[in-house]
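Data first, discussion second: the structure below is written as structure tokens.
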Amino acid sequence: MIELGNISIRNDDGILQCRNKIRMLAVAFGFSDIQATRLATASSEICRQLLPDNGRLSVETMVDNIEGNLGFALAFKGASSEFSTERYALVFDTVKSDSNNNGGPSFYAFRYLPNTSLVISDALVEAQRTIVSQLSEEELMAELQEAKEEAEVAAQAKSEFLANMSHEIRTPMNGVVGMIELLNLTKLDAEQHEMLQTISDSGQSLLTIINDILDFSKFEAGKLEIEEIETTLVTFLESTAQTLAPSALKNDVQIIVHAAAGTPDQLMLDPVRTGQILINLASNAIKFSDGGEVLVKAERIDPTHEDKTSLRLSVVDQGIGISAEAQKNLFQDFSQADSSTTRKYGGTGLGLAISKRLTEMMGGTIGVKSCPGEGSTFYCEIPFSVVSEKTQSQSRDHLEGLRVLILSRSENYRATCVSYLTAAAAWPTTADSAAEALQHCIDAQSAGQPFDIMLIPNLTGHSDCVTTLTSAVPSQLAVLPKLIIGADPRQPTPDLKLGQVATTLDINPLRQENFFRTLAAVTGRATTEVESRPSDIELPTKIAPSPDEAHAQGKLILLAEDNPTNQNVIRRQLNRLGYACEIADDGKAAFELWQEKSHALLLTDCHMPRWDGFELTAAIRAHEDQTTNHLPIIAITANALHGEAERCIEKGMDDFMTKPVEMAVLLSKLEQWMGDGGIAHAANESPEVAHGEAYDVKSAPTEANSAINPKVLMDMFGDDEETCTEILQDFLNPSWTIIEEIHDGHAARSSESVQQASHKLKSAAFSIGAEALGDQCQRIEAAAKADDWQTIDLVVPAIRGSMEKIAAYIKQL
């Protein structure tokens, strides 16, 4: 058998093209015009009968051999119902029907060649294969149309996947960011504010990454937008470095941030995209370093322009280095220095390629300088607009004329400290050993200009501090400068054991403002107190009414949300802003509440069981068509895809907010659509506790098999016992309901129902510290996704017992 090629058919045009090709093949093999036409016509009739609806038919053409005689053969493989082969026996010498791999009919037709002496040469076969494979203009158009339809289907599937992923990721993030904002409104000291700010920045960075994933299709199309936002350069660099501090600590790496002299304070840049570049470069530097330092440096490379500048952003490490050969492919997709890199260090090799694309989109360039064993310097040079510089901090002003001795073996630490002190009009001197530092102290005292401070900034310098202090006594040094030593709050500071008081300076990274403030405080030139970060929103002076009071005032909010954690967060946000709400777990329940009483506003999630937010809106608007009433409806959804806001408006909603909902955005929307929501209680009047007596979390039962880990709530709410009590008590009833949903889905063998219910309960359980129950739900959810009924059957019966332990625990409080 000699195969000539396969003809693919999807519609009537494809059948016509197939008919023409079969006729041409038949003529080429010696059939007369009439015979070739009959073969082609019979073949087209077979195609019409075998072509499945919205499917595809293939026709294989070949030269075959039956009983020593050559013939022209066709094999039709379709997917429609069986059909009679008898009528085609008049056209073909052999016909037979069978089933193909898809269960549909496969029809074979054979016709002896009229010229038995015809030589089937390679040239003849190749010519006929060309006939079969060559696409006509009509076929080309059909192929293009088919490709277009397939691309549209793929794009739709991608859009649905991104929407689902957005919802799943952003839903728990709503709880994280929402609680951060609420916590930031409580009384915190300076260190707690700083830690909370880092958490908030990291949470926002994660949300940004999620949005980047959702915008990936725009990136592929070259339509990703670059923003320009007024940004403080040093703060931006330090915030980026602080995000990487935990991984640096794990690798025993110290991060140093250095904004060189002459760099502008304020720039117009895209902090998200620029930060993404720096994080990619710095995380690689940390990953490939085993101890040592990573320097994140910014320096101006064209100081002659006032309103425009190009900055070189560099990341310098002391790691393994990269060979010249490996450097050639570094910025290509999925490329790493060598084949062992992925096994040892992990990663996809995509970060540098993304950084290159982003840098070029900003009009810049990116590169690397490295030698094996000598570390690497990755850099990008990007043009930015300069903003008129703002007033310097008071702490910097307090350092004028201060004499500071910097003791560090690190050239990077010395250069950074000297640069900052010089900018503050202080007088820095450096030493790279304890002996040299001591000699500087003796010389300065002899000259009548002793140092005010001896600064030992890096962690590895503590031994030098001990040596200097020990040597100071026999050297008869009368006055030792006040000591400031670097310390990482994430790890213990070495005990100097010399009875000397040394002020610690938080490093890894060393932050410029904290650096100035500490030096000014140690010398008595400024206070150590740090003003609490002002809130971005002005809280209402009135407290939230009860739902009944709000209803009487015509200001009751209806919240439709199925996730218990999000219910809790949004309710608390509303209360904090002076508003009251009642909550429905799905769209259908919300509609029923709306029918029972009037509401000033509806906040609704878009994706809920029974009725979603769009169905709820449609039902309300349908009823309103018969009246003059109009309920303001605001969507609150985790779907951050572009076009979602427009979709909400088209479906009859009035406004749109994306989870996590920021307090400032929520307050703005509430005031826009319903005005002030508070009632006139006295400012010092405490609202009644609505959910039972408060309890002390720290005194809660703590047996080894405790159903609740009390530390979870303590970490979230501190000593707010009232809130802890309310959250635990509010957890019970809805959780019992969800457990029944899991058991019902289990009994019905519905993996989808089991998965959805276990997902809801898992989130709620982990949020209150019910870790055992959360782990069980996580196993059930994963098993349901994989349709693993063996695991589901094993774990589902155990969750009721876990829930009973939780109920007993809460009852004892």
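Owing to the predicted nature of the structure, the values given are computational and were not obtained by experimental measurement. When a residue number appears, it is its place in the shown sequence, counting from 1.
For Ile507 against Gly486, the heavy-atom pair with the smallest separation is CG2-CA, 4.1 Å. Residues Ile226 and Met362 approach most closely at CG2-CG, 4.2 Å, considering heavy atoms. When all heavy atoms of Pro450 and Arg403 are compared, the pair lying nearest together is O-CD, 3.7 Å. The two atoms that bring Leu407 and Asp432 nearest to each other are CD1-C, 4.2 Å, heavy atoms only. Residues Val253 and Gly291 come closest through the heavy atom pair CG2-O, 3.7 Å. The minimum heavy-atom distance linking Asn412 with Gln318 is given by the pair ND2-NE2, 4.5 Å.
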Exercise. Check the pair Leu405, Ile453 against side chain to side chain contact (heavy atoms under 4.5 Å, CB included), reporting the backbone distance first and the verdict last.
Key: CA-CA 6 Å; Leu405 173 61; Ile453 290 175; over 6 Å; no

Self-check item: Stepwise side chain to side chain contact (heavy atoms under 4.5 Å, CB included) test for Val386 and Arg300
Solution: CA-CA 11 Å; Val386 179; Arg300 192 169 187 170; 4.1 Å; yes

Exercise. Evaluate the criterion side chain to side chain contact (heavy atoms under 4.5 Å, CB included) for residue pair Leu281 and Leu352; output intermediate values, then yes/no.
Key: CA-CA 7 Å; Leu281 300 182; Leu352 292 179; 3.5 Å; yes

Quiz item: Passes side chain to side chain contact (heavy atoms under 4.5 Å, CB included), Leu183 versus Leu196? Steps please.
Solution: CA-CA 8 Å; Leu183 183 59; Leu196 187 63; 3.7 Å; yes

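Thr232 and Gln266 share a side-chain donor-acceptor pair at under 3.5 Å. Side-chain contact, Ser385 with Lys308: a donor N or O sits under 3.5 Å from an acceptor N or O. Side chains of Asn251 and Ser289: a donor-acceptor N/O pair is absent below 3.5 angstrom, by distance only. For the residue pair Ser408/Arg414, the side-chain donor-acceptor check at 3.5 Å is not satisfied. Glu293 and Ser410 form a side-chain donor-acceptor contact under 3.5 Å, judged by distance and modelled atom types alone.
Side chains of Phe515 and Leu421 form a contact here, defined as non-hydrogen atoms less than 4.5 Å apart. When side chains are defined from C-beta on, Val315 counts as touching Val294, because their heavy atoms get closer than 4.5 Å. You'll find the side chain of Ser283 stays beyond 4.5 Å of the side chain of Ile286, heavy atoms only. By the 4.5 Å heavy-atom criterion applied to side chains, Gln254 and Tyr413 are counted as neighbours. Between Val257 and Leu510 there is no side-chain heavy-atom pair separated by less than 4.5 Å. No side-chain heavy atom of Phe384 sits less than 4.5 Å from a side-chain heavy atom of Met268. By the 4.5 Å heavy-atom criterion applied to side chains, His258 and Leu295 are counted as neighbours. Gln445 has its side chain out of reach of Phe451: every pair of non-hydrogen atoms, C-beta onward, lies at least 4.5 Å apart.
Applying the salt bridge (Lys or Arg N to Asp or Glu O under 4.0 Å) rule to pairs touching residues 311-321 yields Arg312-Glu381, sequence neighbours excluded.
Atom OG1 of Thr235 is separated from atom CD of Gln242 by 11.0 Å, given to the nearest 0.5 angstrom. Separation of atoms CD1 (Ile255) and CD (Glu238) is listed at 11.5 Å; rounding is to 0.5 Å. Taken from CD1 in Ile277 to CE in Met361, the straight-line distance is 10.0 Å, to the nearest 0.5 Å. Between the OG1 atom in Thr422 and the CG atom in Leu399 there is a gap of 11.5 Å [rounded to 0.5 Å]. The distance from atom CG of Leu267 to atom CD1 of Ile229, rounded to the nearest 0.5 Å, is 13.0 Å. Put simply, CD1 on Ile322 and NZ on Lys369 are 14.0 Å apart, with the number rounded to the nearest 0.5 Å.
In this structure, the side-chain hydrogen bond (donor to acceptor under 3.5 Å, both in side chains) partners of Asp443, at least two apart in sequence or on a different chain, are Gln439.
Formation of a donor-acceptor pair under 3.5 Å by the Lys482 side chain with backbone atoms of Met454 is not found in this model. Ser419 contributes no side-chain N or O that, together with a main-chain N or O of Cys417, makes up a donor-acceptor pair within less than 3.5 Å.
The only option from Ile366, Thr274, Leu313 that meets the side-chain contact (heavy atoms from CB on, under 4.5 Å) definition with Thr359 turns out to be Ile366.
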